[in-house]
Amino acid sequence: MRGILITFEGVEGSGKSTQAELLGEYLKQSGFDVILSREPGGTQIGEQIRNILLNPEYQQMDARTELFLYLACRNQHVREKILPALKMGKVVILDRFADSSAAYQGCGRELGEKFVSRLNKLVTAGLKPHLTILINVPVDVGYERKGTAILDRMEKEEVKFHERVRNGYLRMARRATGRIKVVPGNRSPEEVQSDIRALVDSFLSGKGRRKKCKKE
Ligand code: TMP
């Protein structure tokens, strides 16, 4: 596999989507072939599954139904889009990936991180991000940023749920310090992006990765 997989994670309102886009632009300008995608979503089928998952009307959704829908979405995404792009040597930037299921369904829904990780392995085909940026903001800061926006089914969950998600993420980061880099998100977007670029630059400068993925 010649490509590079970089994922963004964080609680609601952490600013990760903006940061993923800014990083994408930076890497494109630096000559990399970049694709940006998201979960849930990323494919035509995945976007349909996203609509079901986030629809605030489906309050009756069981935690395992929810987990399997996120996994189905990921399975399609990996096979249809991510693996082919990596085989072509592209840099794939994802706004959420498998760690989201471990944090939200494993910890938030309390289905168990190990249980979710085992199922994640089935759908990721053994694929692991080379680098994961975890943007860390307190739950209330993330919610303040949402302002008066209409909340989706996940965002409507109680604060305790989102606290479990955040703590789960931080635990995972402590266990995988090489891959998961925690970036404080309670700052201006420019400051956050500058830290992310430094992390990515340092990652790319290792093992000749920069050369490997640059366009001809
Ligand atoms: P987004 O708001 O970042 O687009 O993500 C949609 C929601 O889906 C967000 O509340 C996090 C949640 N989510 C999970 O619960 N499990 C997952 O595996 C993924 C990818 C997202």
Side-chain angles (χ1 to χ4, degrees), residues 5-24 36-43 45-59 61-78 80-82 92-124 127-129 132-137 139-147 149-169 172 180 185 192:
L5 180 60
I6 301 174
T7 61
F8 279 79
E9 298 285 353
V11 295
E12 319 295 324
S14 59
K16 64 185 170 37
S17 307
T18 308
Q19 295 300 332
E21 277 170 30
L22 290 171
L23 179 68
L36 200 67
S37 194
R38 69 170 180 182
E39 288 197 6
T43 64
I45 294 169
E47 290 295 329
Q48 294 294 324
I49 299 175
R50 179 183 176 96
N51 291 337
I52 299 173
L53 277 165
L54 300 187
N55 188 336
E57 281 176 25
Y58 297 150
Q59 290 302 319
M61 191 181 293
D62 178 75
R64 285 184 183 221
T65 306
E66 179 182 289
L67 170 65
F68 288 127
L69 286 174
Y70 279 112
L71 293 171
C73 190
R74 181 161 308 127
N75 188 69
Q76 188 64 31
H77 198 197
V78 166
E80 183 183 324
K81 197 165 171 184
I82 302 173
V92 179
I93 301 177
L94 298 181
D95 182 350
R96 298 197 182 280
F97 191 52
D99 294 325
S100 279
S101 296
Y104 279 79
Q105 282 66 53
C107 306
R109 296 285 183 224
E110 299 180 296
L111 289 176
E113 230 188 284
K114 278 197 182 144
F115 172 68
V116 173
S117 297
R118 276 206 301 275
L119 293 170
N120 254 334
K121 273 195 194 128
L122 285 179
V123 300
T124 54
L127 188 65
K128 256 197 176 177
T132 295
I133 307 290
L134 171 59
I135 304 189
N136 185 27
V137 294
V139 170
D140 55 344
V141 169
Y143 269 86
E144 268 166 39
R145 287 184 180 167
K146 294 257 156 204
I150 296 169
L151 300 182
D152 65 36
R153 194 180 60 85
M154 303 299 289
E155 290 165 344
K156 276 174 177 271
E157 273 302 326
E158 54 180 7
V159 173
K160 268 198 259 169
F161 169 88
H162 292 287
E163 292 289 0
R164 285 197 296 276
V165 172
R166 179 168 182 248
N167 292 332
Y169 268 135
M172 285 155 55
I180 307 180
V192 177

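Just follow the structure's listing: the first ligand is 1, and inside any ligand the first atom is 1. One is the number of the first residue; the rest follow in order along the sequence.
- Each of I52, T43, V78, I49 was compared with C73 under the side chain to side chain contact (heavy atoms under 4.5 Å, CB included) criterion, and only I49 meets it.
- For the side chain to side chain donor-acceptor pair (under 3.5 Å) with D95, the lone residue among S100, S17, S37 that qualifies is S17.
- Put simply, the residue from I133, T132, T7 that forms a side chain to side chain contact (heavy atoms under 4.5 Å, CB included) with I180 is T132.
- Residue contacts with ligand 1 for E39 involve both N, CA, C or O and side-chain atoms from C-beta outward (heavy atoms, distance under 4.0 Å).
- The protein non-hydrogen atom at the shortest distance from atom 1 (P) of ligand 1 is R96 NE, 3.6 Å.
- Residue-ligand proximity: L54 is placed with a non-hydrogen atom under 4.0 Å from ligand 1.
- The M154 neighbourhood of ligand 1 comprises atoms 10 (O), 15 (O), with distances under 4.0 Å to a heavy atom of that residue.
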- request: Let me see the working for R96 and Y104 under side-chain hydrogen bond (donor to acceptor under 3.5 Å, both in side chains), right down to the final yes or no.
  value: CA-CA 11 Å; R96 298 197 182 280; Y104 279 79; 3.1 Å; yes

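- Contact atoms of ligand 1 toward K16: 3 (O) (distance under 4.0 Å to a heavy atom of the residue).
- Near Q105, the atoms of ligand 1 lying under 4.0 angstrom from a non-hydrogen atom of the residue are 14 (C), 15 (O), 16 (N), 17 (C), 18 (O).
- Considering R164, R109, H162 as possible partners of E157, the one that fulfils the side chain to side chain donor-acceptor pair (under 3.5 Å) test is R109.
- Residue contacts with ligand 1 for R50 involve side-chain atoms from C-beta outward but no N, CA, C or O (heavy atoms, distance under 4.0 Å).
- The protein non-hydrogen atom at the shortest distance from atom 14 (C) of ligand 1 is Y70 CZ, 3.2 Å.
- With respect to atom 10 (O) of ligand 1, the closest heavy atom belonging to the protein is E12 OE2, 2.7 Å.
- Neither the backbone nor the side chain of L53 comes within 4.0 Å of ligand 1, counting heavy atoms alone.
- Summary of contacts: the protein heavy atom closest to atom 6 (C) of ligand 1 is P40 CD, 3.8 Å.
- With S101 as the partner, the side chain to side chain donor-acceptor pair (under 3.5 Å) test is satisfied by one option alone out of E39, R74, E113, E66: R74.
- Checking side-chain atoms of H77 against main-chain N and O of P40 turns up no donor-acceptor pair under 3.5 Å.
- In summary, E47 and R38 engage in a salt bridge, as defined by a charged side-chain N under 4.0 Å from a carboxylate O.
- Nearest protein neighbour of atom 18 (O) of ligand 1, counting heavy atoms only, is S101 OG, 2.6 Å.
- Put simply, part of R74 is less than 4.0 Å from ligand 1, judged by heavy atoms.
- Residues Y70 and Q105 have side chains that never bring a donor and an acceptor to within less than 3.5 angstrom of each other.
- Polar contact with ligand 1: absent for E66 (N/O pair, distance under 3.5 Å).
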